[in-house]
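Take a look at the structure below.
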Amino acid sequence: MMVSPSSIIIILSLLLIDLLSASWAATDDSIQDRFYHCINFNTNVSIPFSEAFFTPNNASFSSIFQSIAQNLRSLDQSRSKPELIFTPLAESHVQAAVMCAKDLGIQLRTRSGGHDYEGISSSSVKKSQFVMIDMSKLRSINVSIEDNATWVQTGATIGELYYRISEKSKILGFPAGLCPTVGIGGHLTGGAYGPMMRKFGLGADNVIDARIVDATGRILDRSSMGEEFFWAIRGGGGGSFGILLAWKLRLVPVPPIVTVFTVSRTLEKGATKLLYRWQQVADKLDENLFIRVLVQPINSTDHAATRKTVFIGEFSNGFLRNRTIQTSYQALFLGRADRLLQEMKKRFPELGLVQEDCIEMSWIESVIYIALYPRNTPIEYLLQGGTVYNKSKFKAKSDFVKEPIPEYALEGIWKRFFEEDTPLAIWNPYGGIMSKISDSEIPFPHRKGTRIMIQWIIKWQNGDEERTAKHIDWIRRLYDFMTPYVSKLPRLAYVNYRDLDLGILDEKNNANHSSVLQANIWGPKYFKHNFEKLVFVKRKVDPNNFFRHEQSIPTSRLVRWK
Ligand SMILES: Cc1cc2nc3c(=O)[nH]c(=O)nc-3n(C[C@H](O)[C@H](O)[C@H](O)COP(=O)(O)OP(=O)(O)OC[C@H]3O[C@@H](n4cnc5c(N)ncnc54)[C@H](O)[C@@H]3O)c2cc1C
Ligand SMILES: *[C@@H]1O[C@H](CO)[C@@H](O)[C@H](O)[C@H]1NC(C)=O
Ligand SMILES: *[C@@H]1O[C@H](CO)[C@@H](O)[C@H](O)[C@H]1NC(C)=O
Ligand SMILES: *[C@@H]1O[C@H](CO)[C@@H](O)[C@H](O)[C@H]1NC(C)=O
Ligand SMILES: *[C@@H]1O[C@H](CO)[C@@H](O)[C@H](O)[C@H]1NC(C)=O
Ligand SMILES: *[C@@H]1O[C@H](CO)[C@@H](O)[C@H](O)[C@H]1NC(C)=O
Ligand SMILES: *[C@@H]1O[C@H](CO)[C@@H](O)[C@H](O)[C@H]1NC(C)=O
Ligand SMILES: *[C@@H]1O[C@H](CO)[C@@H](O)[C@H](O)[C@H]1NC(C)=O
Ligand SMILES: *[C@@H]1O[C@H](CO)[C@@H](O)[C@H](O)[C@H]1NC(C)=O
């Protein structure tokens with residue numbers, strides 16, 4: 001039988017339709033399946049699904065999702081959760097994830113330590129579909145004593161980093177955060193301050209190289225990314241420029257013995273006057289000395305027993321209570337107690353520090369102390385990544401202070417603190433080398449002229465919407481009350497204490513004018529004039545805005561400041 005050319009065409013087309021419908025079937029598959037197949041197609045090391053991919057119906061999904069979520073608000077019903085959690089086992093998997101997410105048109109969110117204050121590394125406050133890249137399996141740390149440097153993969157915590165450094169040397173350390181469970185991945189993207197900042201600056205000031213997967217899926221290091229890109233990732237905030245794989249850090253010298261203390265004062269013992277005095281001296285002390293103040297209400301009958309105790313745990317919901325404000329001065333001094341006592345006698349005698357208050361120890365032991373872990377916690381605990389405190393829901397805000405806050409305003413704070421169950425404020429001194437580093441050296445702009453940073457926190461246990469709203473309303477009112485006493489035009493904030501009250505970017509379309517106006521509000525608050533340069537770098541390295549979230553750096557040209 002003769003087959004006409006037209007019937008061949010028909011047969012061919014039928015075949016084609018078959019083929020097409022087969023590929024339709026493939027695209028009909030869930031995002032999870034498509035992402036998984038794409039990743040395997042794009043990597044040489046094939047990955048068993050069960051080891052690295054977790055969908056919401058997997059038994060282990062919620063435990064992985066919750067494991068390191070610090071703010072339990074990220075678990076709220078109203079938040080969008082990931083369609084899939086992918087835990088890369090090799091750097092090339094991260095590259096594949098970027099390429100596959102682009103191909104499939106799905107957003108990526110990256111989580112390292114999960115300490116984002118608004119939980120946006122793992123959840124979204126808007127309706128959105130995304131895959132979460134969980135870096136927890138990429139956490140190697142290679143300390144090199146020969147060059148006083150270390151490479152650390154971004155899935156590691158800062159506690160692990162500190163431990164690995166101390167394992168190799170008792171006289172080297174790294175100047176980053178106080179809470180050991182914070183992830184080095186997100187931490188250094190926002191600055192990273194801690195008790196050695198007055199001597200050595202921020203963690204981000206001590207980054208000497210980095211490896212990042214950019215929006216095209218390439219792995220770049222400092223020399224291939226160039227100095228502008230390298231500038232932006234050290235302080236410009238997480239989740240805007242790429243996925244960091246590893247940091248190379250400069251280690252700093254620490255003495256074999258350091259000294260710590262905690263001395264508390266309540267209102268009855270002159271706490272208000274003392275805090276005013278501390279504000280005058282804290283940024284002018286010897287740069288080896290860092291004294292922060294934790295402020296919280298306590299039961300006044302307890303105060304005799306609390307001179308050396310800091311409570312950050314729970315207080316119950318009583319009605320009328322005899323409460324007072326406790327101010328706890330917690331310090332690290334990079335030296336021995338005798339020198340510390342001399343400095344205190346000369347510069348801050350009002351605290352009344354005595355020999356018995358001082359505890360000498362190694363730097364790594366001071367990490368446990370400053371983290372407020374119980375005194376006998378072994379340093380190996382830093383490797384476990386667990387926290388001794390129960391997690392809660394919280395809302396926090398930050399403020400920068402240029403002039404001491406007067407006593408009558410401090411009394412206004414106390415009044416507001418008595419309205420709540422478990423409010424906390426942490427006052428951190430600046431000065432020292434922080435005043436000597438230029439405010440555009442890296443995107444973190446809070447340098448010369450900054451006396452103190454205050455962090456305001458309100459915590460609560462799982463509760464209903466109404467209770468949540470009450471707490472959030474309380475901290476917003478406190479923030480309003482503080483307006484006259486803190487930085488202005490713009491009112492500055494620390495990007496690592498992310499606060500979505502400052503504005504949310506329209507994720508889909510950041511060219512949208514009102515959305516860009518929003519970014520113009522929070523951008524300069526976090527970065528001052530550096531915001532403009534961040535937008536410039538963003539446009540260059542991620543013009544299609546692949547890496548984005550509620551407060552990522554926008555690409556729009558409309559952004560102007562000043
Ligand atoms: C209990 C607690 C204590 C803290 N103490 C301090 C402190 O002492 N000093 C201080 O400076 N800060 C402190 N912080 C704030 C902390 O620095 C920030 O929350 C930081 O962003 C956390 O990093 P992470 O990796 O743990 O968080 P994540 O939630 O994993 O990430 C935070 C942000 O960075 C992005 N990100 C994460 N990993 C990567 C990556 N590999 N590449 C690119 N982007 C990434 C995320 O998408 C997200 O936007 C503390 C926070 C908490 C909850
Ligand atoms: C796979 O391995 C080959 C040979 O080593 C290499 O050329 C190729 O780039 C690799 N592909 C991926 C996606 O890693
Ligand atoms: C997750 O679910 C998939 C099926 O959707 C299954 O193949 C896989 O083994 C599960 N993984 C785990 C860790 O439970
Ligand atoms: C540390 O060294 C090992 C072995 O050479 C290597 O596989 C790993 O990637 C290194 N880690 C970092 C963060 O450089
Ligand atoms: C490393 O640090 C130590 C201690 O500060 C110092 O003595 C040494 O010279 C440094 N080595 C290099 C190569 O910088
Ligand atoms: C404080 O006092 C209240 C009521 O008097 C009590 O219920 C609560 O347990 C006390 N808190 C602490 C930490 O002692
Ligand atoms: C507060 O303290 C006073 C004096 O110590 C005591 O008489 C009073 O009963 C206390 N009130 C409460 C509510 O505990
Ligand atoms: C932490 O939570 C557990 C279980 O809810 C509780 O038993 C324990 O007392 C809490 N610990 C602290 C320090 O609040
Ligand atoms: C623009 O962004 C604002 C703020 O995020 C949003 O309210 C508005 O709906 C957006 N408009 C358009 C047209 O997308």
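Start at 1 and go down the list; that is how both ligands and their atoms are numbered.
- For atom 2 (C) of ligand 1, the candidate residues are Lys391, Gln70, Met132, His115; the nearest heavy-atom contact is made by His115.
- Applying the 4.0 Å criterion to heavy atoms of Ala192 picks out, from ligand 1, the atoms 11 (O).
- In summary, Lys448 and Asp439 do not engage in a salt bridge, as defined by a charged side-chain N under 4.0 Å from a carboxylate O.
- Residue contact check: Ile243 has heavy atoms under 4.0 Å from atoms 42 (N) of ligand 1.
- Residue Ile120 places no N or O, backbone or side chain, under 3.5 Å from any N or O of ligand 1.
- Under the 4.0 angstrom criterion for non-hydrogen atoms, Gly242 is in contact with ligand 1.
- In terms of protein heavy atoms, atom 44 (N) of ligand 1 is closest to Gly239 N, 3.2 Å.
- For the 3.5 Å distance criterion, the side chains of Ser224 and Asp221 qualify, holding a donor opposite an acceptor.
- Proximity to Arg498 (heavy-atom distance under 4.0 Å) selects the following atoms of ligand 1: 49 (O).
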Next item on the list: Could you walk me through whether Val535 and Thr555 pass side-chain contact (heavy atoms from CB on, under 4.5 Å), step by step?
Entry: CA-CA 6 Å; Val535 174; Thr555 53; 6.0 Å; no

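- Residue, atom and distance of the protein heavy atom nearest to atom 13 (C) of ligand 1 are Tyr497 CE2, 3.9 Å.
- Per-residue contacts place Arg111 under 4.0 angstrom from the following atoms of ligand 1 (heavy atoms of the residue considered): 30 (O).
- Within a 4.0 Å radius of atom 9 (O) of ligand 5, the protein has no heavy atom.
- Residue, atom and distance of the protein heavy atom nearest to atom 1 (C) of ligand 1 are Cys179 SG, 3.7 Å.
- The atoms of ligand 1 that sit less than 4.0 Å from any heavy atom of Gly238 are 34 (O), 35 (C), 44 (N), 49 (O).
- The residues Asp209 and Arg222 are annotated as not salt-bridged, no charged nitrogen and carboxylate oxygen being separated by less than 4.0 angstrom.
- Contact analysis leaves Phe547 out of contact with ligand 1, as no non-hydrogen atom separation drops below 4.0 angstrom.
- Taking 4.0 Å as the cut-off, Gly191 does not count as a neighbour of ligand 1 on heavy-atom distance.
- Counting only heavy atoms of the protein, atom 4 (C) of ligand 1 lies nearest to Val182 CG2, 3.6 Å.
- One option in Ile171, Val252, Asn148 has a heavy atom closer to atom 1 (C) of ligand 5 than any other, and that option is Asn148.
- At under 3.5 Å, a nitrogen or oxygen of Leu244, whether backbone or side chain, sits near a nitrogen or oxygen of ligand 1.
- Each of the atoms 19 (O), 27 (O), 28 (P), 29 (O), 32 (C), 33 (C), 48 (C), 49 (O) of ligand 1 lies under 4.0 Å from some heavy atom of Asp116.
- Among all protein heavy atoms, the one lying closest to atom 11 (N) of ligand 4 is Ser140 OG, 2.8 Å.
- A side-chain donor-acceptor contact under 3.5 Å links Glu365 and Ser362.
- The OH atom of Tyr430 lies 4.0 Å from the CE atom of Met197; values are rounded to the nearest 0.5 Å.
- On a distance-only criterion, Gly183 and ligand 1 share at least one N/O pair closer than 3.5 Å.
- Between Lys459 and Asp421 there is no salt bridge, since none of the side-chain N atoms of the basic residue sits less than 4.0 Å from a carboxylate O of the acidic one.
- Salt-bridge check for Arg111 with Asp134: passed, with a basic side-chain N closer than 4.0 Å to an acidic carboxylate O.
- Side chains of Ser124 and His549: no donor on one and acceptor on the other come within 3.5 Å.
- Near Glu146, meaning under 4.0 Å from any of its heavy atoms, are these atoms of ligand 5: 13 (C).
- Between Trp151 and ligand 4, not a single N/O pair is under 3.5 Å apart.
- Here Ile291 contributes atom CD1 and Asp283 contributes atom CG; the two are 11.5 Å apart, rounded to the nearest 0.5 Å.
- The shortest N or O to N or O distance between Gly113 and ligand 1 is under 3.5 Å.
- Residues Tyr117 and Phe394 bring their aromatic ring centres within 6.0 Å.
- The distance from ligand 1 to the heavy atoms of Leu178 drops below 4.0 Å at these ligand atoms: 7 (C), 8 (O).
- Of the N and O atoms on the side chains of Asn206 and Arg250, at least one donor lies less than 3.5 Å from an acceptor on the other residue.
- Looking at ligand 1, you won't find any N or O of Thr181 less than 3.5 Å from one of its N or O atoms.
- Electrostatic pairing of Asp286 and Arg198 does not count as a salt bridge here, judged by no charged N lying under 4.0 Å from a carboxylate O.
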Next item on the list: Could you give me the CA-CA distance, side-chain angles and deciding distance for Glu550 and Lys126, then say whether salt bridge (Lys or Arg N to Asp or Glu O under 4.0 Å) is met?
Entry: CA-CA 8 Å; Glu550 287 83 343; Lys126 300 199 170 189; over 6 Å; no

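- In this model, a donor atom of one side chain and an acceptor atom of the other lie less than 3.5 Å apart for Gln330 and Arg292.
- Within the 4.0 Å heavy-atom criterion, the part of Thr154 lying near ligand 1 is the side chain and not the backbone.
- Residue-ligand proximity, Ser112 to ligand 1, at heavy-atom distances under 4.0 Å covers atoms 25 (O), 30 (O), 37 (C), 38 (N), 39 (C), 40 (C), 41 (N).
- Centroid-to-centroid, the aromatic rings of Tyr494 and Phe444 come within less than 6.0 Å.
- Protein heavy atom closest to atom 23 (O) of ligand 1, with residue, atom name and distance, is His187 N, 3.1 Å.
- Counting only heavy atoms of the protein, atom 4 (C) of ligand 5 lies nearest to Pro253 CB, 4.4 Å.
- Atoms OH and OG, on Tyr162 and Ser366 in that order, are 9.5 Å from each other to the nearest 0.5 Å.
- The protein heavy atom nearest to atom 15 (C) of ligand 1 is Asn496 O, 3.5 Å.
- With salt bridges taken as basic N to acidic carboxylate O contacts below 4.0 Å, one links Lys395 and Glu118.
- In terms of protein heavy-atom proximity, atom 31 (O) of ligand 1 is closest to Ser121 CB, 3.9 Å.
- If you number the atoms of ligand 4 from 1 as listed, the ones under 4.0 Å from a heavy atom of Gln153 come out as 13 (C).
- Contacts with ligand 1 closer than 4.0 Å are made by no heavy atom of Phe241, backbone or side chain.
- At the shortest separation from atom 5 (O) of ligand 4 among protein heavy atoms lies Asn142 ND2, 4.8 Å.
- Side-chain contact check for Leu285 versus Pro429: every heavy-atom pair is 4.5 Å or farther apart.
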